[in-house]
Number of protein chains: 2
Amino acid sequence: MIRRTPQQPRERGIPDATVARLPLYLRALNGLAERAVATVSSEDLAVAAGVNSAKLRKDLSHLGSYGTRGVGYDVQYLIYQISRELGLTQDWAVAIVGVGNLGRALANYGGFVSRGFRVAGLLDADPEVVGDHIAGLVVEHSDELESVIAKRGVSIVVIATPATAAQAVCDRVIASGVTSILNFAPVVLTVPAGVDVRKVDLSIELQILAFHEQRKVNGGPAVVDEIMGEEWAGEVS
Amino acid sequence: MIRRTPQQPRERGIPDATVARLPLYLRALNGLAERAVATVSSEDLAVAAGVNSAKLRKDLSHLGSYGTRGVGYDVQYLIYQISRELGLTQDWAVAIVGVGNLGRALANYGGFVSRGFRVAGLLDADPEVVGDHIAGLVVEHSDELESVIAKRGVSIVVIATPATAAQAVCDRVIASGVTSILNFAPVVLTVPAGVDVRKVDLSIELQILAFHEQRKVNGGPAVVDEIMGEEWAGEVS
DNA sequence: TCGACTTTGTGCATCACTTCACAAAGGCAC
DNA sequence: GTGCCTTTGTGAAGTGATGCACAAAGTCGA
């Protein structure tokens with residue numbers, strides 16, 4: 001987590017929960033922009049983004065007063081302001097390590113390029129994959145990791161390797177000075193303070209769904225509760 | 001969101017935040033189990049899962065009293081209890097709609113099969129893709145969606161189609177009686193009450209990283225603040 | 001210019017989650 | 001047994017997010 005310097009009087013203190021929703025608003029706004037909508041009320045934008053309008057207004061108020069009372073928000077202007085706040089008005093060079101199916105999906109993912117992210121490198125340890133052309137890039141060997149990061153000014157690295165390789169890749173990446181890592185490998189990465197790791201686990205959401213689905217079907221966890229409890233108790237003691 | 005029935009006196013009220021972390025604990029526990037660890041303290045498990053130990057204990061206390069004071073938690077027993085709570089002790093048939101790179105990545109993703117999820121169908125609208133063999137399954141045409149869901153008892157559907165197709169697929173899926181949907185397409189799906197949609201947006205986390213990275217580099221959003229503000233103000237009014 | 005109407009921005013109460021800190025519970029050595 | 005030591009489970013306090021409700025600020029028609 002980023003720690004705020006206390007001497008900074010106000011401003012610049014956007015709650016994490018708000019930051020996490022800004023990309024959502026941005027996407028909704030882009031949808032409106034495509035349909036040539038000029039202005040939008042907090043109510044309409046909230047619906048489009050799938051949140052409640054009071055929350056949306058409070059979130060936006062953290063960025064500044066960019067709305068017009070009685071009218072709403074100028075779509076283009078708000079897109080610009082949110083993009084700027086998120087740092088998407090500048091160009092970020094991203095390297096993707098691990099070019100399996102997931103790595104390929106990410107390399108081809110429109111949501112990256114369209115939002116200030118430029119895939120500047122694709123790396124894999126498998127000689128079979130090295131040399132492949134994907135999304136206009138040639139896959140390079142993992143050995144090149146350090147030099148790719150240095151030469152192309154990579155500031156964010158995406159790890160899409162198998163779980164076993166992730167920590168080693170992570171260590172090398174950090175040694176190269178990168179402090180922002182997006183981890184798709186199902187492991188908890190150990191990193192020094194000052195390095196930001198965000199994790200996406202494709203199966204976690206599915207497990208949460210299963211939890212809710214189970215409640216719908218039979219109102220709670222397996223009925224074998226007591227019996228199994230006994231069985232297990234036996235094994236334990 | 002699932003709403004609790006008020007007449008249910010206690011138990012069965014696990015906070016969402018806790019549910020979201022259970023998969024994390026489960027993965028850490030599986031790691032320990034592989035290394036043949038028999039028992040683990042809340043402190044050690046918390047480190048392995050990347051959370052604080054008080055939080056972990058409180059989370060686990062919502063499931064019941066499964067620890068032993070002075071000793072810790074029995075790894076196997078806790079794996080079983082968490083799995084049961086999440087509904088992973090039963091077998092869930094999952095269908096994946098949209099077999100692009102992402103769909104393939106998901107179909108091959110070990111985290112699914114190993115946790116009670118069985119990929120029971122792969123569907124795509126592209127005739128080019130239909131008939132391909134992926135992860136031991138044959139890709140079927142989207143037209144078969146309803147019959148696949150019905151015949152194979154699919155209760156969770158994963159949408160990995162392009163954004164434009166997502167809502168239509170979603171509607172058909174719901175019409176077939178499915179109430180749990182995991183959406184990877186970058187759109188807000190509109191669904192009736194009672195249907196659970198969870199969303200994974202691969203680019204959101206990247207945008208959050210960019211936000212923090214920007215702060216590290218230059219302490220905040222673009223320095224052109226005032227100037228751009230003026231420019232835009234001109235356009236707006 | 002004025003008044004009716006719309007919509008923002010925000011103070012405040014509420015709710016949910018987190019963290020602390022410690023009593024209660026059990027294991028283990030002697 | 002007995003007492004020490006470890007670790008859990010949980011009240012209680014603290015922190016942060018949410019949602020309500022409304023005053024302030026703006027638009028627009030007459």
Side-chain angles (χ1 to χ4, degrees), chain A residues 1-4 6 10-22 24-25 29 32 37-75 77-78 81-82 85 208 233 236-237, chain B residues 1-4 6 10-22 24-25 29 32 37-75 77-78 81-82 85 208 233 236-237:
Chain A
M1 288 292 132
I2 301 278
R3 203 134 295 291
R4 278 196 287 288
R10 265 297 304 148
E11 198 68 15
R12 293 296 80 87
I14 301 178
D16 286 350
T18 295
V19 173
R21 280 186 297 264
L22 290 181
L24 216 66
Y25 304 152
L29 284 164
L32 293 169
V37 178
T39 63
V40 65
S41 69
S42 63
E43 186 57 42
D44 292 352
L45 182 54
V47 171
V51 302
N52 130 346
S53 70
K55 197 191 292 187
L56 176 105
R57 285 200 299 280
K58 183 147 293 187
D59 282 345
L60 294 184
S61 77
H62 285 117
L63 313 189
S65 262
Y66 298 140
T68 308
R69 290 166 195 235
V71 176
Y73 300 89
D74 181 274
V75 173
Y77 184 49
L78 196 52
Q81 289 297 349
I82 294 179
E85 194 64 48
I208 297 173
V236 171
S237 52
Chain B
M1 285 297 128
I2 301 282
R3 202 133 297 289
R4 276 197 290 286
R10 268 292 309 143
E11 201 67 15
R12 289 302 76 91
I14 301 179
D16 287 349
T18 295
V19 173
R21 281 187 296 265
L22 290 181
L24 214 68
Y25 304 153
L29 284 165
L32 292 170
V37 177
T39 63
V40 65
S41 70
S42 63
E43 186 57 43
D44 292 351
L45 182 54
V47 170
V51 301
N52 132 345
S53 70
K55 195 190 292 186
L56 177 110
R57 283 201 301 278
K58 181 142 288 187
D59 282 344
L60 293 184
S61 77
H62 285 117
L63 312 191
S65 265
Y66 298 140
T68 309
R69 294 171 193 231
V71 177
Y73 300 89
D74 181 275
V75 173
Y77 184 51
L78 196 52
Q81 289 297 347
I82 294 179
E85 193 65 46
I208 297 173
V236 171
S237 53

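Side-chain atoms are counted along with the backbone in the values below, which use heavy atoms only and exclude waters and symmetry mates. Since this is a predicted model, take the numbers as computed values, not measurements. Every chain is numbered from 1, with letters handed out A, B, ... down the list of sequences.
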Does D/dT18 have OP1 or OP2 under 4.0 Å away from a side-chain N or O of A/Arg57? no
Considering all heavy atoms of both residues, which atom of A/Ser42 and which atom of A/Tyr73 are nearest to each other, and what is their separation? CB-CE1, 4.0 Å
dist B/Asp74:CG -> B/Leu78:CG (nearest 0.5 Å) comes out at 8.0 Å
Residue set satisfying salt bridge (charged side-chain N to carboxylate O under 4.0 Å, His left out) with B/Arg57, at least two apart, ordered chain then number -> none
What does the B/S/- profile of nucleotides 2-7 of chain D look like, 5' to 3', with a 4.0 Å heavy-atom cutoff to protein? ----BB
Interatomic distance where CD belongs to A/Glu43 and P belongs to D/dG19 [whole Å]: 13 Å
Could you work out which one of D/dA17, C/dT19, D/dT18 sits closest to the side chain of B/Lys55? C/dT19
Without decimals, in angstroms, what is the distance between A/Leu45 CG and C/dT7 P? 14 Å
For residues 44-53 of chain B, the side-chain hydrogen bond (donor to acceptor under 3.5 Å, both in side chains) pairs (sequence neighbours left out) are B/Glu43-B/Ser53
Report the distance from atom OH of A/Tyr77 to atom C1' of C/dT8, rounded to the nearest whole Å. 15 Å
Can you tell me the distance, in whole Å, between the CG atom of B/Leu63 and the P atom of D/dT8? 15 Å
Taking C-beta and beyond as the side chain, do A/Ile82 and A/Tyr66 meet within less than 4.5 Å on heavy atoms? no
Quick one: A/Tyr66 OH to D/dG26 C1', roughly how many Å, whole number? 19 Å
List, with names and distances, any nitrogen or oxygen atoms from the protein found under 3.5 Å away from nitrogen or oxygen atoms belonging to nucleotides 11-13 of chain D.
residue	atom	partner	partner atom	Å
D/dG11	O6	B/Lys58	NZ	3.2
D/dA12	N6	B/Lys58	NZ	3.1

Whole angstrom is fine here: how far is it from CG in A/Leu56 over to P in C/dT7? 14 Å
Rounded to the nearest 0.5 Å, how far does CG of A/Leu22 lie from CD of A/Glu85? 7.0 Å
Of the nucleotides C/dT18, C/dC20, D/dG19, which has the atom closest to the B/Ala54 side chain? C/dC20
I would like to know whether A/Arg21 and A/Lys55 meet side-chain contact (heavy atoms from CB on, under 4.5 Å); could you show each step before the answer? CA-CA 10 Å; A/Arg21 280 186 297 264; A/Lys55 197 191 292 187; 3.5 Å; yes
Nucleotide D/dT8, atom C1' - distance to CG of B/Asp59 in whole Å: 14 Å
B/Ser41: side chain to side chain donor-acceptor pair (under 3.5 Å) partners, not counting sequence neighbours: none
Heavy atoms from C-beta onward define the side chain here; which of D/dT18, C/dC17, D/dG19 lies closest to that of A/Arg21? D/dT18
Taking side chain to side chain donor-acceptor pair (under 3.5 Å) as the definition, give me every residue that meets it alongside B/Ser61, ordered by chain and number, with sequence neighbours left out. none
Can you tell me the distance, in whole Å, between the CG atom of B/Asn52 and the C1' atom of C/dA21? 13 Å
